[in-house]
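All remarks here apply to the structure that follows.
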There are 2 protein chains.
Amino acid sequence: AQMALERDYEVQREYDTRYRVLLEATSEAFVLISVGAGRVVDVNPAASALIGLPREDLMGQVLAQEFEGRRQGEFLQELAASARDDTVRPLDLHLRRSELRVLVTPKAFRAAGDQLILCRVEPAIAAVGVSDDLT
Amino acid sequence: AQMALERDYEVQREYDTRYRVLLEATSEAFVLISVGAGRVVDVNPAASALIGLPREDLMGQVLAQEFEGRRQGEFLQELAASARDDTVRPLDLHLRRSELRVLVTPKAFRAAGDQLILCRVEPAIAAVGVSDDLT
């Protein structure tokens with residue numbers, strides 16, 4: 001049993017590295033939030049640049065405070081509701097520091113007993129070309 | 001030691017899930033290749049759509065055969081050379097099935113003793129706006 005566990009452990013170690021490399025390699029901005037603690041548990045370089053704060057200052061922070069007029073409780077509820085929605089309607093928000101309008105697409109999942117939400121954050125300008133009725 | 005291993009295992013299980021969710025959530029196309037076996041070990045929905053083959057048909061395949069005029073050996077060498085290059089110059093390739101011109105940005109890394117290359121695949125049309133000197 002010990003050997004099987006060690007073998008599994010090796011396989012899982014590989015996913016740890018795959019996750020890190022993928023998170024750095026994607027040019028899309030991603031923030032991972034723990035719902036229980038309501039805090040940022042991971043953030044990639046693209047998200048850090050978009051939000052306008054270095055990674056170390058974002059880690060462990062309440063993400064809601066980075067958006068205009070959003071309080072933690074309602075923000076997490078909005079994210080959870082949007083993540084449940086099959087139509088995947090992104091949240092339309094304003095970043096406080098960079099003053100950018102962004103679309104946030106959340107994806108809720110459970111891992112090792114934690115409820116997590118992965119948020120993809122896109123500048124809304126890039127989305128204007130896709131749908132002209134935004135004007 | 002057994003308990004510590006089990007605790008680590010739980011943490012690593014979480015990364016397995018994080019990796020999966022991120023790979024599905026990104027709208028960028030990613031293909032993961034094992035250098036030793038020279039085969040596709042993972043591919044996301046965006047990459048599958050771009051290449052024009054379902055995931056199950058791509059898994060375990062030689063990726064080189066999906067590109068025009070590329071043989072396995074030279075293809076892996078090109079990828080490895082591009083991944084080593086600090087300037088990160090993407091490879092300019094043509095997809096055989098979809099007949100799309102794409103830019104492939106490889107990132108080499110080791111995980112659990114395997115040499116892996118993560119390839120980000122972008123349609124070249126989208127990249128034209130970014131750098132005008134391509135013409």
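Throughout, protein chains are lettered first and strands after them, A, B, ... in sequence-line order, and every chain is numbered starting at 1.
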Value rounded to 0.5 Å, distance of CG in A:D42 from CG in A:L118: 9.5 Å
Donor-acceptor contact present, side-chain A:R55 to main-chain A:V43, <3.5 Å: yes
Engaged part of A:L23 at the chain B interface, taking heavy atoms whose separation is under 4.5 Å: both
Contacting region of A:R120 [heavy-atom separation from chain B under 4.5 Å]: side chain
Largest heavy-atom contact set with chain A, pairs under 4.5 Å, which of B:K107, B:R110, B:R18: B:R18
Option among A:Y15, A:Y19, A:F109 that satisfies the ring-ring contact (aromatic ring centres under 6.0 Å, His included) test with B:Y19: A:Y15
Backbone of A:R71 reached by a side-chain donor or acceptor of A:E74 within 3.5 Å: yes
